Participant: 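Got a structure here, written out as structure tokens. Questions coming.
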Number of protein chains: 2
Amino acid sequence: MGRRNDHSRQEIREMALQVAEKIVAKEGLQGLNARKIASAIGYSVGSLYIVFENLDDLILQVNARSLDQLYTVISKTEQQCRQPDACLLALGQAYLEFAMEQPQRWRTVFEYQRTKDAEIPSWYRKKIFRLFKLVEKPLLEFMPTLEPHLCAQTARALWGGVHGICILALTGRLEIVGADSVQNLMELLITNYLAGLKNVQGTPCTPEEGTTQECKA
Amino acid sequence: MGRRNDHSRQEIREMALQVAEKIVAKEGLQGLNARKIASAIGYSVGSLYIVFENLDDLILQVNARSLDQLYTVISKTEQQCRQPDACLLALGQAYLEFAMEQPQRWRTVFEYQRTKDAEIPSWYRKKIFRLFKLVEKPLLEFMPTLEPHLCAQTARALWGGVHGICILALTGRLEIVGADSVQNLMELLITNYLAGLKNVQGTPCTPEEGTTQECKA
DNA sequence: ATAAACAATTGAACACCGTTCAATATGGGG
DNA sequence: CCCCATATTGAACGGTGTTCAATTGTTTAT
């Protein structure tokens with residue numbers, strides 16, 4: 001088959017991405033390959049390489065969409081809550097919920113590392129940044145005295161923790177008996193972390209309980 | 001070449017694992033393949049499949065060794081510390097240090113998922129369990145009133161958090177400027193979490209700060 | 001209307017991967 | 001010394017991602 005002009009490049013790109021999303025959601029990253037995508041959209045492999053630089057590029061786009069959807073979910077959660085501490089807890093649980101409802105897509109986002117040593121593009125980084133921003137906002141309401149840099153650090157520490165629980169849960173390394181226990185872990189982490197924040201910042205440093213870090217600020 | 005009896009199967013196995021460890025440490029999981037291992041130990045690919053079920057099996061063994069080495073490091077750290085809170089902080093930092101000094105090996109342990117749907121063998125699970133035990137011990141000293149199950153949960157929440165910070169740091173998703181800032185994140189997470197634990201467990205539940213969970217116990 | 005120029009599309013081909021197994025070469029027992 | 005049991009091989013198979021000469025339909029010029 002030669003020229004047929006059935007679809008524009010943008011359209012082919014869009015079709016490929018939609019198919020790839022479905023495959024990733026159903027079979028995970030392992031189930032995804034160029035020939036499968038190509039045949040599903042009725043084009044050949046060669047056409048994929050006109051529209052995408054390579055498969056890494058394609059997967060990056062799929063992940064970008066997952067991040068966008070995650071942002072939508074998290075953002076809605078953030079808008080619906082009132083008290084900052086309850087808000088942070090709700091954000092963590094929304095994050096966990098997304099991860100558990102779309103495990104394959106979520107895992108693909110965070111486990112996939114490009115083969116090439118190419119840097120993560122800045123537009124993709126921004127999608128991660130704005131997720132952090134959603135955490136920093138209620139955190140600043142919760143601790144208004146936090147200077148911006150420390151707030152960013154505090155948010156990243158908390159979100160790293162939330163993320164870690166999700167990963168260990170999804171990869172089956174938490175090994176917890178019981179149905180909703182991952183949610184409990186999440187609540188434990190967030191509430192204790194926040195309570196500690198309030199406590200440490202609000203009280204003078206006591207030598208037998210504080211370590212060293214908090215006394216400086 | 002036919003029979004030569006240069007090495008026993010155990011010896012071939014050992015040689016293969018040592019070579020595989022080096023390759024993983026230097027080039028990561030992506031740099032590892034059967035032919036490379038085979039040529040490095042002076043045998044053919046076929047011999048590898050006599051000694052290992054498949055590459056997944058081989059990688060599992062490599063990861064088991066990484067877990068053992070991690071356990072050694074963490075265990076030593078645990079033995080050297082005095083106060084339980086300082087101990088937990090030291091454990092987290094030792095974990096982070098291992099992850100950053102052996103990034104490829106550490107990532108291979110946690111990011112690799114077997115292709116086959118085969119379960120993780122129980123002897124491998126035990127290696128993960130005993131790592132958690134090292135966390136639960138000082139945690140119980142820190143909070144002697146914790147019932148065993150809640151202690152296990154509390155340890156897993158904390159360790160999930162520690163793990164998450166490591167992962168995000170290693171995959172370049174934290175985006176922190178400065179040298180030792182990941183260490184600071186780790187300290188933030190652990191000290192705040194511990195302070196919160198003490199605070200929440202020790203004081204009666206106040207409606208405006210506590211969420212819901214801690215008031216039940 | 002016809003031809004020439006152009007561009008979209010293909011799919012065979014290449015180099016790699018994990019895995020298998022018939023063929024083979026050899027150490028050691030009779 | 002011969003023969004056999006077996007340790008070892010490596011070509012072969014089906015699967016990757018990726019490339020690019022060849023092909024074929026569309027458009028433009030005459």
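Only this structure's heavy atoms are used, side chains among them; waters, hydrogens and symmetry mates stay out. Every chain is numbered from 1, with letters handed out A, B, ... down the list of sequences. Since this is a predicted model, take the numbers as computed values, not measurements.
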Participant: So if I take every side-chain heavy atom of B/Ala34 and compare against C/dT9, C/dT19, D/dT18, which nucleotide ends up nearest?
Facilitator: C/dT19
Participant: Would you name the heavy atoms of B/Leu88 and B/Ile190 that are closest together and state the gap between them?
Facilitator: O-CD1, 3.9 Å
Participant: The side chain of B/Ile12 lies closest to which of these nucleotides: D/dT8, D/dT19, C/dC17?
Facilitator: D/dT8
Participant: Between the main-chain N or O of A/Ser8 and the side-chain N or O of A/Glu11, is there a donor-acceptor pair closer than 3.5 Å?
Facilitator: yes
Participant: Starting from P on D/dT9, measure out to NE2 on B/His7 and report it in whole angstrom.
Facilitator: 11 Å
Participant: Rounded to the nearest Å, what distance is computed from the CD atom of residue B/Gln10 to the P atom of nucleotide D/dA7?
Facilitator: 14 Å
Participant: Look at the side chain of B/Arg9 and decide which nucleotide, out of D/dA7, D/dT9, D/dG17, has an atom nearest to it.
Facilitator: D/dA7
Participant: Taking for each residue the nucleotide of DNA chain C bearing the nearest heavy atom, is the 5' side occupied by B/Val45 or by B/Arg4?
Facilitator: B/Val45
Participant: Whole angstroms only, please: what is the NZ-P distance between B/Lys36 and D/dG10?
Facilitator: 20 Å
Participant: For the pair B/Arg107 (side chain) and B/Thr171 (backbone), establish whether a donor and an acceptor sit closer than 3.5 Å, ignoring hydrogens and angles.
Facilitator: no
Participant: May I ask you to test the B/Val162-B/Leu96 pair for a side-chain heavy-atom distance under 4.5 Å?
Facilitator: no
Participant: Roughly how many Å is it from CD in B/Gln30 to C1' in C/dC16, rounded to a whole number?
Facilitator: 14 Å
Participant: How close do A/Gln104 and A/Val24 get, heavy atom to heavy atom, and via which atoms?
Facilitator: CB-O, 3.1 Å
Participant: Is A/Ser47 near enough to C/dT10 that one of its side-chain N or O atoms lies under 4.0 angstrom from OP1 or OP2?
Facilitator: yes
Participant: Grab the CG-C1' distance between B/Asn33 and D/dG15 for me, whole Å please.
Facilitator: 15 Å
Participant: When you measure only distances, ignoring hydrogens and angles, does the side chain of A/Arg35 come within 3.5 Å of the base of D/dG17 through a donor and an acceptor?
Facilitator: yes
Participant: Strictly below 4.0 Å: does B/Tyr43 bring a side-chain N or O up to OP1 or OP2 of D/dT8?
Facilitator: yes
Participant: Does a side-chain N or O from B/Tyr49 land closer than 4.0 Å to OP1 or OP2 of C/dT20, or not?
Facilitator: no
Participant: Measure the distance from CG on A/Asp56 to P on D/dT16 and round it to the nearest whole Å.
Facilitator: 16 Å
Participant: Scan B/Leu58 against the nucleic acid and name what it touches under 4.0 Å (heavy atoms): base, sugar-phosphate only, or nothing.
Facilitator: nothing
Participant: Within this structure, what is the CG-to-P distance between B/Asp6 and D/dA7, rounded to whole angstrom?
Facilitator: 13 Å
Participant: Quick one: A/Asn54 CG to C/dC16 P, roughly how many Å, whole number?
Facilitator: 18 Å
Participant: Using a cut-off of 4.0 Å on non-hydrogen atoms, how would the nucleic acid contact of B/Leu32 be classed: base, sugar-phosphate, or nothing?
Facilitator: sugar-phosphate
Participant: With a 4.0 Å cutoff (strictly under), does any side-chain N or O of B/Asn5 reach OP1 or OP2 of C/dG27?
Facilitator: no
